[in-house]
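In what follows, a structure is listed as structure tokens, so that the remarks can point back to it.
Reminder, nothing fancy here: chain letters follow the sequence lines and each chain counts from 1.
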Number of protein chains: 2
Amino acid sequence: MSSIEEKCKIKGVRLTDQRKLIAKIMSEAKDHPDVDELHRRVSAIDKKVSIATVYRTVKLFEEASIIDKHDFKGGKARYEKSPDEHHDHLIDVNSGEIIEFTNEEIEKLQKQVARKLGYKLVDHKLELYGTKIKD
Amino acid sequence: MSSIEEKCKIKGVRLTDQRKLIAKIMSEAKDHPDVDELHRRVSAIDKKVSIATVYRTVKLFEEASIIDKHDFKGGKARYEKSPDEHHDHLIDVNSGEIIEFTNEEIEKLQKQVARKLGYKLVDHKLELYGTKIKD
DNA sequence: ATAATTGCAAATGCTTTGCTTGTGA
DNA sequence: TCACAAGCAAAGCATTTGCAATTAT
């Protein structure tokens with residue numbers, strides 16, 4: 001059983017064949033697929049799953065905090081399974097490749113900035129866009 | 001003449017009545033209007049300006065680095081005139097209000113993170129989402 | 001003069017939804 | 001059993017675009 005499927009059980013999300021399949025594929029994904037790509041991977045195993053179901057399922061998983069949605073530049077939403085520890089993203093503007101990173105210092109400073117402005121931080125988005133340095 | 005209109009002159013952007021009007025409204029805006037809101041403000045002065053022209057113009061201004069586009073949560077793009085000094089945004093998740101802030105420390109750390117990963121930072125996005133702390 | 005710009009409406013691309021049929025607990 | 005989910009096609013929403021008419025330089 002995939003890790004996402006387990007989370008569904010815990011959260012009382014009803015499991016259908018389609019959802020199990022999407023859960024499995026998202027659990028195993030090492031990248032950040034958009035809905036089209038996800039549907040492509042799903043279809044490779046079960047052609048009958050409609051893209052509407054993929055849309056409904058990623059939304060469901062996202063609302064249950066089982067997967068995370070990202071709106072990187074490019075128009076289409078991309079997803080990844082919710083990580084155990086938070087991380088941010090650096091996007092290679094040439095290749096589209098996404099590198100994950102964490103930086104405690106920045107996290108801390110964000111909270112400080114928010115507090116100083118009179119706010120409690122409930123969410124944040126940090127995306128770095130860069131070009132590879134040739135060595 | 002509005003500050004955006006001046007930049008257009010400098011960059012050789014052809015100035016039409018519509019563009020002058022949009023330039024003026026964006027120059028004076030103290031918030032981050034979306035295209036609909038911008039069109040509403042433009043229409044209050046000249047009803048004949050179409051929303052297609054507003055779309056074309058914000059795109060043109062953005063590509064000329066005269067205004068900045070933001071994709072905050074909510075689906076529609078929002079714009080502000082390019083500031084002299086860079087800043088980031090904190091969005092009040094309850095009211096939608098946007099507070100601008102700068103933090104040199106965070107900026108520096110971002111560059112460091114990118115470099116450490118083998119990248120040159122060409123752009124970045126930092127958005128904080130928070131709730132007001134009652135005092 | 002003439003290449004660029006506008007307005008309009010139609011087209012686009014991603015995402016959501018109504019409805020009927022199918023199905024998990 | 002039966003409330004919920006899936007499939008399909010149609011609808012929605014923000015944004016873009018083709019084309020004929022208009023305009024800035």
Side-chain angles (χ1 to χ4, degrees), chain A residues 1-2 4-26 32-40 42-43 45-64 66-79 96, chain B residues 1 4-6 8-25 32-43 45-64 66-79 96:
Chain A
M1 183 165 65
S2 70
I4 290 178
E5 199 178 321
E6 275 178 35
K7 282 197 183 175
C8 286
K9 286 241 162 82
I10 293 167
K11 307 219 174 191
V13 171
R14 186 185 251 181
L15 278 163
T16 63
D17 288 345
Q18 292 88 329
R19 290 182 182 173
K20 281 182 204 162
L21 180 51
I22 293 167
K24 179 167 189 291
I25 289 169
M26 282 305 297
H32 304 68
D34 59 36
V35 169
D36 265 332
E37 174 59 24
L38 186 50
H39 183 235
R40 218 168 289 128
V42 166
S43 297
I45 298 173
D46 182 352
K47 294 195 199 325
K48 294 184 306 304
V49 178
S50 76
I51 194 150
T53 294
V54 178
Y55 270 108
R56 279 193 272 239
T57 304
V58 290
K59 187 176 219 184
L60 177 76
F61 286 177
E62 197 219 338
E63 283 165 354
I66 294 173
I67 67 177
D68 291 349
K69 178 184 183 181
H70 299 293
D71 294 297
F72 300 139
K73 289 175 205 264
K76 16 193 12 178
R78 304 176 58 168
Y79 296 85
Chain B
M1 183 165 64
I4 289 178
E5 199 179 322
E6 277 177 34
C8 286
K9 286 241 163 80
I10 294 166
K11 307 220 173 190
V13 171
R14 187 184 245 179
L15 278 163
T16 63
D17 288 347
Q18 292 90 328
R19 290 182 182 173
K20 282 182 203 160
L21 181 50
I22 293 167
K24 180 168 189 289
I25 289 170
H32 304 67
D34 60 36
V35 169
D36 265 334
E37 175 58 24
L38 187 49
H39 183 234
R40 219 169 288 128
R41 295 180 195 177
V42 165
S43 298
I45 297 173
D46 181 352
K47 294 194 198 325
K48 292 185 304 306
V49 178
S50 76
I51 195 151
T53 294
V54 178
Y55 271 107
R56 280 192 271 236
T57 304
V58 290
K59 187 174 218 183
L60 178 76
F61 286 177
E62 199 219 337
E63 283 165 354
I66 293 173
I67 67 176
D68 291 349
K69 177 185 185 181
H70 299 294
D71 293 298
F72 300 140
K73 289 173 205 264
K76 16 193 11 177
R78 303 176 60 167
Y79 296 87

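How far NE2 of A/H39 is from OG1 of A/T57: 10.5 Å, rounded to the nearest 0.5 Å. Between atom CG of residue B/D71 and atom NZ of residue A/K73 there is a gap of 7.5 Å, rounded to the nearest 0.5 Å. Note that the CD atom of B/E63 and the NZ atom of B/K69 stand 9.5 Å from one another [nearest 0.5 Å]. The CG atom of B/L15 lies 11.0 Å from the CD1 atom of B/I4; values are rounded to the nearest 0.5 Å.
Within the 4.5 Å cutoff, side-chain heavy atoms of A/M26 are placed close to those of A/P33. Counting heavy atoms from C-beta on, the side chains of A/L38 and A/V58 come closer than 4.5 Å. Considering only heavy atoms from C-beta on, A/C8 comes within 4.5 Å of A/F61 through its side chain. Side-chain atoms of A/I45 and A/I25, non-hydrogen and from C-beta on, do get closer than 4.5 Å to each other. A heavy-atom distance below 4.5 Å is found between the side chains of B/R78 and B/F72. Between A/R40 and A/D36, some side-chain heavy-atom pair lies under the 4.5 Å cut-off.
For the OP1/OP2 pair of C/dT15 and a distance below 4.0 Å, the side-chain nitrogens and oxygens of A/Y55 include at least one atom meeting the criterion.
If one axis is set at each end of the helix from C/dA1-D/dT25 to C/dA25-D/dT1 from five pairs, those axes are 40° apart, to 10°.
Non-hydrogen atoms lying under 4.0 Å from DNA chain D are contributed by nothing in residues 32-43 of chain B.
In this structure, B/K76 places its NZ atom 17 Å from P of C/dT15, rounding to the nearest Å. Summarising the geometry, the separation between NZ on B/K47 and C1' on C/dG7 is reported as 17 Å, rounded to the nearest angstrom. Atom P of nucleotide C/dC14 and atom NZ of A/K69 are separated by 14 Å, given to the nearest angstrom. In this structure, A/I51 places its CD1 atom 9 Å from C1' of C/dT15, rounding to the nearest Å.
Heavy atoms only, all atoms of each residue included: B/T53 and B/Q18 are closest at CG2-CB, 4.0 Å.
The ring-ring contact (aromatic ring centres under 6.0 Å, His included) search around A/Y79 returns none, not counting sequence neighbours.
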Can you tabulate the close N/O pairs, meaning under 3.5 Å, that link protein atoms to atoms of nucleotides 22-25 of chain C?
from, atom 1, to, atom 2, distance (Å)
C/dG24, O3', A/L15, O, 3.3
C/dA25, OP1, A/L15, N, 3.4

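Listed by first and then second residue, the salt bridge (Lys or Arg N to Asp or Glu O under 4.0 Å) pairs that reach into residues 5-19 of chain A come to none, sequence neighbours excluded.
With a heavy-atom cut-off of 4.0 Å to chain B, the contacted part of DNA chain D has its first and last nucleotide at D/dA14 to D/dT25.
Within 4.0 Å of A/R56, counting heavy atoms only, lies at least one base atom of the nucleic acid.
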